[in-house]
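Reviewing the structure listed below.
A, B, ... follow the sequence lines: proteins, then strands. Residue 1 opens every chain.
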There are 2 protein chains.
Amino acid sequence: MARNIFKYSDCPMHRSMAILGSKWKPIVIYALRERTARFGQIHAIIGSISKKVLTTTLKELEEDGILNRTEYRELPPRVEYNLTDKGRTLIPIIIQLAKWDNEHYEEKREKLETTP
Amino acid sequence: MARNIFKYSDCPMHRSMAILGSKWKPIVIYALRERTARFGQIHAIIGSISKKVLTTTLKELEEDGILNRTEYRELPPRVEYNLTDKGRTLIPIIIQLAKWDNEHYEEKREKLETTP
DNA sequence: TAAAGTGGTAACCAACAAGTAACCAACAAG
DNA sequence: CTTGTTGGTTACTTGTTGGTTACCACTTTA
């Protein structure tokens, strides 16, 4: 979404889409909704995301103040991610969006199924 | 957002982002929140969108059942757009998102302003 | 000695989104 | 006969996202 251009747009929708409007961001936020997780765990939970894309997704979410990254200097290394307060306030909106979609997706599927 | 791939994903977040997650869609929906408008009017309201991009934005929103397109065969031609019921249920979510962003954007601006 | 786990990075590439500029049909008004 | 209006379309270019594959340091385990 040309993130860096829209981040400081004067339109709040452009700005929030710069934070949320990419393929994996809402999913990553949702995955962290009630837990802290390590890089590898997030990767496993989501399944189909590549490591490279997960890396940049996490980095951008951290930049935007949505999540915290904590590095433990152990061996093998451990890095944990969890939502910030700002990130947490996003959860109800994400859930509402998913609910909205589900309702209308169901409607559509039902229509398709009952048409001859 | 690779719209056609995610439209029928089994993840509701991918599906709703396929509908909403592009540069202009939330803005167009918001512009039509309480009125019907013609192509040229939408173009004027939004200002910086190109006619080509507005055309595809409107077409996709119509395909996804978010808005109605009504063509009046007059001269010069008249085409009106307005939200469907499904589209209207999206408005409170869009407003919430904008509000969410504004709150945290203000916070950030205030912090920047009060730092030496 | 070799393999495996962790959290990445680098190089490269295909697909898509978005933008620019010119153009169109159809008629009405001047 | 030219100009304006409306709602687009076409061709072309650029920018961004997401993806693949290979690779890295470091240490523990087998």
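- Listed by chain and residue number, A/D85 satisfy the salt bridge (Lys or Arg N to Asp or Glu O under 4.0 Å) test with A/R88 (two or more places apart in sequence, or in another chain).
- The ring-ring contact (aromatic ring centres under 6.0 Å, His included) test applied to B/F6 returns B/H14, not counting sequence neighbours.
- Contacts of A/E62 classified as salt bridge (Lys or Arg N to Asp or Glu O under 4.0 Å), with partners at least two apart in sequence or in another chain: none.
- Residues forming a side-chain contact (heavy atoms from CB on, under 4.5 Å) with B/T56 (at least two apart in sequence, or on another chain): none.
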Return all side-chain donor-acceptor pairs below 3.5 angstrom for residues 32-43 of chain B, not counting sequence neighbours, or 'none' if the list is empty.
| unit_1 | atom_1 | unit_2 | atom_2 | d |
| --- | --- | --- | --- | --- |
| B/R33 | NH1 | B/Y30 | O | 2.8 |
| B/R38 | NH2 | B/P77 | O | 3.4 |
| B/Q41 | OE1 | B/R38 | N | 2.8 |
| B/H43 | NE2 | B/I49 | O | 2.9 |

Which atom pairs, one a donor and one an acceptor, fall under 3.5 Å between side chains of residues 18-25 of chain B and the rest of the protein, sequence neighbours left out?
| unit_1 | atom_1 | unit_2 | atom_2 | d |
| --- | --- | --- | --- | --- |
| B/K25 | NZ | B/E60 | OE1 | 2.6 |

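- Residue pairs that meet the salt bridge (charged side-chain N to carboxylate O under 4.0 Å, His left out) test with at least one member in residues 8-22 of chain B, sequence neighbours left out, are A/D101-B/R15.
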Writing each nucleotide of DNA chain C 5' to 3' as (, ), [, ], | or . by Watson-Crick or G-U pairing under 3.5 Å yields ||||||||||||||||||||||||||||||
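- Every pair tested for salt bridge (charged side-chain N to carboxylate O under 4.0 Å, His left out) that includes a residue from residues 40-50 of chain B fails, sequence neighbours excluded, so the list is empty.
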Going 5' to 3' through nucleotides 15-22 of chain D and flagging B where a protein heavy-atom sits under 4.0 Å of the base, S where only the sugar-phosphate is that close, and - otherwise, we get -SSBBB--
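- The side-chain contact (heavy atoms from CB on, under 4.5 Å) check on A/T89 picks up B/W100, B/H104, with sequence neighbours excluded.
- Of the residues in residues 28-46 of chain A, those with a non-hydrogen atom less than 4.0 angstrom from any atom of DNA chain C are A/R38, A/F39, A/G40.
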